[in-house]
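Structure, as structure tokens:
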Amino acid sequence: MDLTDKDYVESCRDGNPDDFRLLVHRYQGPLFSYLASRLRDRLLAEEAAQESFVRAFLSLKKLRKPESFYSWLLGIAGRVAKEQFRALEHRQRDREIAEALMAEATHHQEEYPLEEAIAALPESYRQVILLRYYEGLSCQEVATRLNLPLGTVTKTLSRAYALLRQELAAFESAEETVSQSERT
């Protein structure tokens, strides 16, 4: 004798939670088909079906009409599917934002090769360059600020310029190589 949904629900409520597996067995196929048609992804549909059954089991005491178990289960499944869509949209939006930030960072690297080259200098060279050109100090003012002889400051600037020229030449060479490979 085949019991009705109402019988299984009431049995579960009366302390026989194992009877819920019979409801799962009865509705797993139709529920999966419903979710697969909405989600259009087999793995997402399987996850959503499992989540729907878990939520239904945990909320079984709230079901007002035990004879309407399947329609109630479909309502739960519909909400789970909406949640999965939202989560998927959030992940997609986060991925797009991350890609945009990466593209922007790459774009900025291309726009500011001099700043990157300065940042790559050893600290003593970088410090002299920044004071001289970004703060607009004279060589004498840089020497005073750093408590160094004027000759040391000018020699350090000269070496820093040489390193910057090398770095920028390497950057330009790399740019040309990329441009040529994009044209071909």
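Residues K6 and S68 form no side-chain contact, since every pair of their non-hydrogen atoms from C-beta on lies 4.5 Å or further apart. Side-chain contact between Q92 and R95: present, with at least one pair of heavy atoms (C-beta onward) separated by less than 4.5 Å. Side-chain contact between Y134 and I118 is present, with heavy atoms from C-beta onward closer than 4.5 Å. Contact of the R159 side chain with the Y125 side chain is registered, since non-hydrogen atoms from C-beta on lie closer than 4.5 Å.
Here the OG-CG distance, from S124 to L146, works out to 10.0 Å after rounding to the nearest 0.5 Å. Rounding to the nearest 0.5 Å places CZ of F69 at 6.5 Å from CG of L60. Taking CD from E10 and CD from E67, the interatomic distance works out to 8.5 Å, rounded to the nearest 0.5 Å. A distance of 5.5 Å separates CG of L164 from CD1 of I129, quoted to the nearest 0.5 Å.
Residue pairs satisfying the ring pair (Phe, Tyr, Trp, His ring centres under 6.0 Å) criterion with at least one member in residues 84-103, sequence neighbours excluded, are absent. For residues 72-83, every residue pair satisfying the side-chain hydrogen bond (donor to acceptor under 3.5 Å, both in side chains) rule, not counting sequence neighbours, is listed here: R55-E83.
Cluster membership check: V80 does not share its hydrophobic cluster with L43, using side-chain heavy-atom separations under 4.5 Å among Ile, Leu, Val, Met, Phe, Trp and Tyr.
When all heavy atoms are compared, the tightest approach of S138 to R132 is CA-NH1, 3.9 Å. The shortest non-hydrogen separation linking D5 to R26 is OD1-NH1, 2.5 Å. Nearest heavy atoms, S52 versus I76: O-CG2, 3.8 Å. What you find for C12 and P17 is that their closest heavy atoms are SG-O, 4.2 Å. Residue Q84 comes nearest to A48 through the heavy atom pair NE2-N, 3.7 Å, listed as atom of the first residue, atom of the second, then distance.
Qualifying ring pair (Phe, Tyr, Trp, His ring centres under 6.0 Å) partners for Y161, counting only residues two or more places apart in sequence or in other chains: none. Remark: F57 pairs with F20 by the ring pair (Phe, Tyr, Trp, His ring centres under 6.0 Å) rule, at least two apart or across chains.
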(message) The test is side-chain contact (heavy atoms from CB on, under 4.5 Å); show your working for L23 and Y70 and say whether it passes.
(response) CA-CA 9 Å; L23 289 169; Y70 182 61; over 6 Å; no
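A salt bridge links R145 with E135: at least one charged nitrogen is closer than 4.0 Å to a carboxylate oxygen. Between E123 and R126 there is a salt bridge, since at least one side-chain N of the basic residue sits less than 4.0 Å from a carboxylate O of the acidic one.
No side-chain N or O of Q50 forms a donor-acceptor pair with one of E46 less than 3.5 Å apart. Residues T4 and D7 have side chains that bring a donor and an acceptor to within less than 3.5 angstrom of each other. If you check the side chains of N16 and Y8, you find no donor sitting under 3.5 Å from an acceptor.
Annotation: R13, atom CZ; neighbour count of heavy atoms from other residues, nucleotides and ligands within 6.0 Å is above 12.
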All N/O donor-acceptor pairs, side-chain side in residues 30-40, below 3.5 Å, sequence neighbours left out:
from: S33; atom 1: OG; to: G29; atom 2: O; distance (Å): 3.1
from: Y34; atom 1: OH; to: R38; atom 2: NH1; distance (Å): 2.7
from: S37; atom 1: OG; to: S33; atom 2: O; distance (Å): 3.4
from: S37; atom 1: OG; to: Y34; atom 2: O; distance (Å): 2.7
from: R40; atom 1: NH1; to: S37; atom 2: O; distance (Å): 3.3

Under 3.5 Å, sequence neighbours excluded: what are the donor-acceptor pairs made by side chains of residues 149-157?
from: T154; atom 1: OG1; to: L150; atom 2: O; distance (Å): 3.4
from: T154; atom 1: OG1; to: G151; atom 2: O; distance (Å): 3.0
from: T156; atom 1: OG1; to: T152; atom 2: O; distance (Å): 2.7

